[in-house]
Amino acid sequence: MRKRKEPISDTMLLMSITIGIFVVLYALAMIIWGGGFLKPQMLFDMLNDNAFLIIIACSLTIVMITGSIDISVGSVTALVTMVGVMILNGSMLNGIQTALGAPDEFRIVIAAVVAILIGLAFGAVQGYLIAYLEIQPFIITLAGLFFGRGMITIISVDPQKAPQNLMDICQSRIDMPLLGSPNKKGVMIPAHIEIGVIIALVLVVLVFILLRKFRLGRNFYAVGGNMQSALMLGVNVKRTRFLAHLLSGLLAGIAGLVFMMHVGAGNATNATASEMNAIATSIIGGTLLTGGVGNVIGTFFGVLTLTTIKAIVVTSGLRDPWWQSITTGAMLCFFILLQSVVLSRRGRGGLHVPGWLKSSGRRKE
Amino acid sequence: MEKAKSKRSFVPANYSQLLIPLIAIFLLVIFNLIRDPGFFSIGIAANNNGYPVLQGNLVSILNGASELVILSMGMTLVTAASGGQDISVGALAAIAGSVFVKVLKSGAITGWSVIGGFILCCIVAMIFGAFNGTLVANFRIQPMIATLILFTCGRSVAYWINGGATPTVESPIITAIGSFIPGIPIPTPILIVIVTGIIFALIFRFTNLGLYVQTVGINQGAARLNGINSVWIKLLAFIILGACCSIAGMINVCRLSLINHETILINIEMDAILAVAIGGNSLGGGKFRMVGSVLGAYAIQMLTITLYAMKVPSTDVKAYKAIVIIILVVLGSPVVKEALSRFWNRLSRNRQPVRAGKGAE
């Protein structure tokens, strides 16, 4: 047995703080407010509503570990949702289905393929421009955000709705064994989750394995930690950054698919500001924008923490619409300060200049 | 030798960073003139109150860009000093506008209450700016993350200040600030921009702020060794940006005569950062040129107005804007620039094969 004598790494420390805070918060909520928090369905509903957020937070985590940023994920999600819904209700790409003579259910497959293709296209273009042409990621992905949002209204100005029979398949519930809560009549209602949650959880595990065990994942950390050293060590920096953005685009496309399966309607305001929520949850989960530090498990708990706070705000009677955002901001402030203090006490409180800003090519001193 | 060297670069190095915004504006002007020769004609017409005022697309471009120009001036300072961007300017402008409206609604709207409201909203915005600045300067958090806090909750704070309503303010004074002062044919927001620009020019002329900001942005450690209080300089940059936000918020409130926390200056933080980047300033901090950002802001507004003039629906504008942005930054990217200048060199060498004195080198 190998004994680990080295101190806990920054990644693990920040992640365990987040997990600890989530557990404490949820336990407190159960004790103080009880009610809904005691039912397992509450937790699963949080997952159901935020499956897409978990996925785009994963993509943000990958990109942020690489020392870059991607703020286009929210608009890619919304665009994919719109396109997917239009495929489902037959107003787009209907020819493929009729040509194959396939049943209506086949449209879901087409939607999934198109979702992945759109995501890959966004990721590839942005990744190429950022990694090989060395343009600042913020500007490129900002353009991606504008493009995605603009395309939604170009495709369709009116809100679209998916047909009910297909949505029933998409939203089919998976009952959880042994978990559930009695309703008013005393009948046991089993707790349930949607397919999207399973996809999200599988992706979290896959990304976790990728970051832990595969060379590509380790390269992400190396490039984010110090691009120069990574280059010296023989890491193909450009390709690594390109792949990070490609992966992020792919995940955003899948997130769009999951979002579509959850809401079943295309709308220009879908997933508004979700990119900032994703950044926020990544930060809460212990990922640093400077790059090189982060973990998807932390991000997953970051999403849960954020949702728990929002649920607590609603349950505790602060029903005015502004309280949710204000408490989210306050919590974000708390976590950011916590990270800053923790890292500076550990002697890493030097100047945090994000790596992607250094690569602008203008400053080569 | 000297001659050969100067021939190699397109423009003097000092002004090369203004190239991108100028090319962008130039292309847009040419495009518009081809499309509609009378696009930039300026006419004089009577407005609702019967005063003669200037009208035309050029005036509406200059007028509409006012808030963006003021914000991009402040954003340039923050970017240069801290090497990051403030994404909370829109939210901060919403807060400032709410405070302004709150003061105006507390009594009759007179000249004094407008001045008092402006001073109060300026102070509030500067306090919030100082909050952002403290997080960045003292706690050494990246600016984008630090301002994400205010970005998340700023508009809700504005909503809370308004008490969950979207109040309107009607008064001749408000109209005078938002559109025209009676007797002066130029829209007032343009005058405010000119005044703000003059104030910044005077600050840079008579103080060392510009130099200090650049020094802190380029190398914080070296700045400290030279006796510059880098924490204070960063804080100051954010406080100045706060003041800029309050001016922008006030202009927008006066222009629309109402405050809507959800829609006031929405997405302007993105445009302001874009203006700084198009202006040729490094988003990594250090050297800056405020003129570049101002030109960048006008280029963005000109693009928007051009698209509107081409009957593009306002919701679709974003997509076309994105394409133009991508083309611009690809042209300005270091790799493409290098390739272009290599290409240029080869062209000029082919033209004058004898004079390129390789022996002298």
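Residue numbers begin at 1 in each chain, while the letters A, B, ... track the order of the sequences.
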Measure the [atom1]-[atom2] distance between [X] and [Y] for me, rounded to the nearest 0.5 Å.
X      : Y      : atom1 : atom2 : result
A:T287 : B:I145 : OG1   : CD1   : 9.5 Å
A:I71  : B:M270 : CD1   : CE    : 4.5 Å
A:T153 : B:D316 : OG1   : CG    : 4.0 Å
A:Q324 : B:S156 : CD    : OG    : 9.0 Å
B:T315 : A:M151 : OG1   : CE    : 12.5 Å
B:I149 : A:I326 : CD1   : CD1   : 13.5 Å

Can you tell me which portion of B:I325 sits under 4.5 Å from chain A's heavy atoms? Options are side chain, backbone, both or neither.
side chain

Measure distances from B:L135 to the heavy atoms of chain A and classify the residue's part below 4.5 Å as side chain, backbone, both or neither.
side chain

Between [options], which has the largest tally of heavy atom pairs under 4.5 Å with chain A?
options                        : value
B:Y320, B:Y159, B:W160, B:F151 : B:W160
B:I87, B:I326, B:L148          : B:L148
B:A339, B:P313, B:A322         : B:A322
B:N267, B:V330, B:V317         : B:V330

Around atom OH of B:Y212, are there more than 12 heavy atoms from other residues, nucleotides or ligands closer than 6.0 Å?
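No, OH of B:Y212 has 12 or fewer neighbouring heavy atoms, counting only those of other groups under 6.0 Å.
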
Does the structure place the NZ or CZ of B:K321 under 6.0 Å from the centre of the six-membered ring of A:F146, at an angle of no more than 45° from the ring's axis?
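Yes - B:K321 lies over the ring of A:F146, closer than 6.0 Å to its centre and within 45° of its axis.
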
Min side-chain heavy-atom separation [X]-[Y] under 4.5 Å:
X      : Y      : answer
A:F147 : B:K318 : no
A:M276 : B:T152 : no
B:V335 : A:I135 : no
B:F131 : A:C333 : yes
B:V157 : A:W322 : no

Cut-off 4.5 Å, heavy atoms of chain B, and the answer for A:I154 is both

Can you say whether A:L142 sits under 4.5 Å from chain B via the side chain, the backbone, both, or neither, judging by heavy atoms?
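Answer is side chain: those atoms of A:L142 sit under 4.5 Å from chain B.
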
